[in-house]
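Heads up: the structure comes next, in structure tokens.
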Amino acid sequence: MRKNIVAGNWKMNNDLAQTETLISELKSQAKTSDAEVMIAPTFTNLWHAFQSLRQEDIEVVAQNMHFAENGAYTGEVSASMLKSIGIKTVILGHSERRAYFNETDELLAKKVDAALANDMRVIFCFGEELADRKAGNEEAVVESQIKNALFHLGVDAFKNIVLAYEPVWAIGTGETASPEQAQDMHAFIRKTLNNKYGNQVSDDMTILYGGSVKPVNAKEIFGKPDVDGGLIGGASLKAEDFFAIVNAF
Ligand code: PGA
């Protein structure tokens, strides 16, 4: 089912004490929209965040995971480890993972498979770089990222997938895609899904926009018909700003 979702990607921010503070501030905010709310703290704080938010309407999700179940992968964390502490959703394919940790579409396909095999929900991120957009290649890039990592899946798998379109040039730069640019790409993504899987998958797919979403622009972006919410970086680190975005629906 298509839903409204606002997910905060904390990235590599907040130690334990800062996590405690931000969580207690989040708890004091009032939600006035129907959006599902998620936060993605770093691995070391997932357990604490999960415990602290058990009774709240905020899901704690992971920023990444490895594709293997276990074994000699120093420094990595598996789906079953995340599940064992209550985490049911994982962000995969963030552009920072692709750019700084060499995550390719092929690797991401394996991670998606591992997450789904563990009954986890995936927030799958993709998006073009500035050079792609300048060259008019943004749709081709996005289409290939989606096809390469997801189009081996069957129809049913898409029930556990949320897509997040994040143009790389808009992440952490203060530059946002215009609501029209976001809408155009989201409509293209839905069409791409429709061509391969038909109406059910494309109509039901939740597609988030990410890249410098703030309280001041959230309402206009979320107002577009094919935008179902946001993946929020910088603005998710302040409880008031984050909830202003959650309540922008
Ligand atoms: P930003 O990050 O909101 O700080 O641009 C978005 C993201 O990286 O998901």
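The analysis underlying the following values was restricted to heavy atoms, covering all of them including side chains, and did not include hydrogens, waters or symmetry mates. None of these values were measured; they are calculated from a predicted model. Start at 1 and go down the list; that is how both ligands and their atoms are numbered.
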Report summary line: Grouping ILVMFWY residues whenever side-chain heavy atoms fall under 4.5 Å, the cluster of Leu208 otherwise contains Ile5, Met38, Val61, Ile91, Ile123, Val162, Leu231
Query raised in the report: Looking at residues at least two apart in the chain, or sitting in another chain, which of them share a side chain to side chain donor-acceptor pair (under 3.5 Å) with Asn102?
Result: none
Requested in this report: Could you tell me which non-hydrogen atom of Thr192 sits nearest to which non-hydrogen atom of Phe151, and how far apart they are?
Outcome: O-CZ, 3.8 Å
Query raised in the report: Exactly which residues line ligand 1, taking a heavy atom under 4.0 Å from it as the test?
Result: Asn9, Lys11, His94, Glu166, Ala170, Ile171, Gly172, Gly211, Ser212, Leu231, Ile232, Gly233, Gly234
Expected list for residues 65-77: side-chain donor-acceptor pairs under 3.5 angstrom, two or more places apart:
from  : atom 1 : to     : atom 2 : distance (Å)
His66 : ND1    : Ala68  : N      : 2.9
Glu69 : OE1    : Ser80  : OG     : 3.3
Glu69 : OE2    : Asn118 : ND2    : 3.0

Requested in this report: Classify the ring geometry between His186 and Tyr165 as parallel (under 30°), tilted (30 to 60°) or perpendicular (over 60°).
Outcome: perpendicular
Query - Test salt bridge (Lys or Arg N to Asp or Glu O under 4.0 Å) applied to Glu59 and Lys3, Arg121, Lys88, the passing residue - result: Arg121
